[in-house]
Amino acid sequence: MQNHSIDKLLLQAAMLAANYRTTIATRPQHPDASYSVMLAAFSAPTPESEMPADAVIDMLAKLAEPGLHTPTGPGFFGWVIGASHPVGVAADVLTSAWGQNCGNLYAAPAAAAVETVAAAWLLDLLELPAECTVGFVTGGTMANFVCLAAARSEVLLRAGWNVESLGLFGAPPIQVYIGDDAHTTVFSALQMLGLGYDRVIRIPTDDAGRMLAPALAEKIDGADMPKIIIAQAGQINTGSFDPFEEIAAIAHHKGAWLHVDGAFGLWARACPAVAEQARGADLADSWATDGHKWLQTPYDCGYAIVRNGDAHRRAMTTAASYLPAAGEGERDPSQYVPELSRRARGFATWAIIRHLGRQGIAEMVARHCCVARRMAERLQAEPGISILNRVVLNQFIVRFGADLSPAEGDALTKKVIAQIQADGVCFVGGARWRGSWVMRISVISWPISEADGDRASEAIISAWRRVA
Ligand SMILES: *Cc1c(COP(=O)(O)O)cnc(C)c1O
């Protein structure tokens, strides 16, 4: 690097980042620029010659900032998205600077060891069996993928088929059972694993999106066929949890592998105030959860947790003979994820858990759930605003207008959402629920306090009154 020393360059980036983060609360809570504006801003011919490093970093910040969304701010209620906790961001700077390839424990001893420790902490916090293995992946989608790959491996092995070596052609068919309100990315995982997103038996759900256990018991095949049941902790619209104890009893009775998608909801288990919601989730065989949602790690980070470590390793181990293998009692990071070379995600996970501690995590989850309940109560008190679910966690859905036709109600709800977004005090999103358009509130960004929730409620009510 000719024009600039690395210390100056890192300080420059740190100052730009700090300036962005310390002013986020007072900025409009939406991007100023759309994708097409951003595309025009970044568009340029392929660079032919060098530009000084500090000029590049300055240019990047200047160009990108108008098109940055605001999940790190206190007004973000739009999607189930974490807020990149400052401790995680700082740890991530070190992670990038250290440049460790977390594919192998001999290639990256510190990165591999920190994962081993963070994995044990995660299992402890989530009250899952200590013998589980954990893969550090990019997010919930890949966590579901890895867990379901382990499930596929195990149920087929029990049927006498080694899917890792033989593939799926000619394998005994697997029957997958999944709740009707499962997250769309679980279907992506099924799609990628050759299990098919339509080749499933969908189990009806109740009005909060919870799988109906009696319907599962009725639909599940009695035959000796390999089976996977996919349950959910935390439905993205209602925050609801499937009845795990009943589902686990059915899974156990029928010899099925039970997987739980708990991208954000599994964190209820780390918070005594709401842990009851996720009771029995520990009876499953595998769990997918995110670091970059409730734990607030920077993007990207998720955890694939599997009770049967042999199945987990069988499904994921890379057959790369030139790399030294892990010894007795050692954990090789690449044995639990699809990748070999990858980012050392354990550092940010370790730093955030070390910073917040069990109490800090429990406090944050409880605070978000309290803010959600308080917002729902405030909005419900306003004529013309309806809350459509019981607020059991941090998620709720809202409909605007009363005594309207479905189409008019949809149009009005969309209009109110657009008004709230334009006002920029807070950011909310929309979703389709039971055929109707609704506004969705997620309280999951770490800085959000009761006062932030109150400010958002008033902004929503003000927008509603103006639109109405
Ligand atoms: C967010 C989410 C996912 C997908 O996780 P990503 O981190 O976006 O890949 C899966 N399931 C549920 C319930 C989610 O909320």
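The structure presented is a predicted model; accordingly, all values stated were derived computationally and were not measured. Just so you know, ligand 1 is whichever comes first in the structure, and atom 1 is the first atom listed for that ligand.
A donor-acceptor pair shorter than 3.5 Å cannot be found between the side chains of T238 and R390.
For ligand 1, the atoms closer than 4.0 angstrom to any heavy atom of G139 are 7 (O), 9 (O). Within ligand 1, counting atoms from 1 as listed, the ones closer than 4.0 Å to a heavy atom of F264 are 15 (O). With ligand atoms numbered from 1 in the order given, ligand 1 contributes 13 (C) to contacts under 4.0 Å with heavy atoms of G234. Close approach to D290 involves these atoms of ligand 1, each under 4.0 Å from a residue heavy atom: 5 (O), 6 (P), 7 (O).
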Start with the C-alpha gap between L68 and I24, add the side-chain angles, then the distance that decides, and say whether side-chain contact (heavy atoms from CB on, under 4.5 Å) holds. CA-CA 10 Å; L68 297 181; I24 185 76; over 6 Å; no

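Contact annotation: V80 has no heavy atom less than 4.0 Å from any atom of ligand 1.
No more than 12 heavy-atom neighbours from other residues, nucleotides or ligands sit within 6.0 angstrom of NE2 on H252. Applying the 6.0 Å contact sphere to CD of E131 captures more than 12 heavy atoms from other residues, nucleotides or ligands.
Ring geometry, F400 versus W464: the interplanar angle falls from 30° to 60°, so the pair is classed tilted.
When only non-hydrogen protein atoms are considered, atom 9 (O) of ligand 1 lies nearest to T141 OG1, 2.6 Å. With respect to atom 13 (C) of ligand 1, the closest heavy atom belonging to the protein is D261 OD2, 3.4 Å. Considering only non-hydrogen protein atoms, atom 2 (C) of ligand 1 sits nearest to K293 NZ, 2.3 Å. If you check which protein heavy atom lies closest to atom 10 (C) of ligand 1, you get T185 OG1, 3.1 Å.
Side chains of R210 and T205 form no contact here, defined as non-hydrogen atoms less than 4.5 Å apart. Inter-residue side-chain proximity for T349 and W121 is flagged as unmet; no heavy-atom pair is nearer than 4.5 Å. Contact of the I448 side chain with the F77 side chain is registered, since non-hydrogen atoms from C-beta on lie closer than 4.5 Å.
Contacts of H292 with ligand 1, taken as heavy-atom pairs under 4.0 Å, involve the side chain alone. Here I236 has side-chain heavy atoms under 4.0 Å from ligand 1, and that is the only part of it that gets that close. Contacts between M142 and ligand 1 below 4.0 angstrom, taking non-hydrogen atoms only, are absent altogether.
For the atom pair Y303 OH and L123 CG, the distance stands at 11.5 Å (nearest 0.5 Å).
For a threshold of 3.5 Å applied to N or O pairs, the pair formed by G140 and ligand 1 contains at least one separation below that value.
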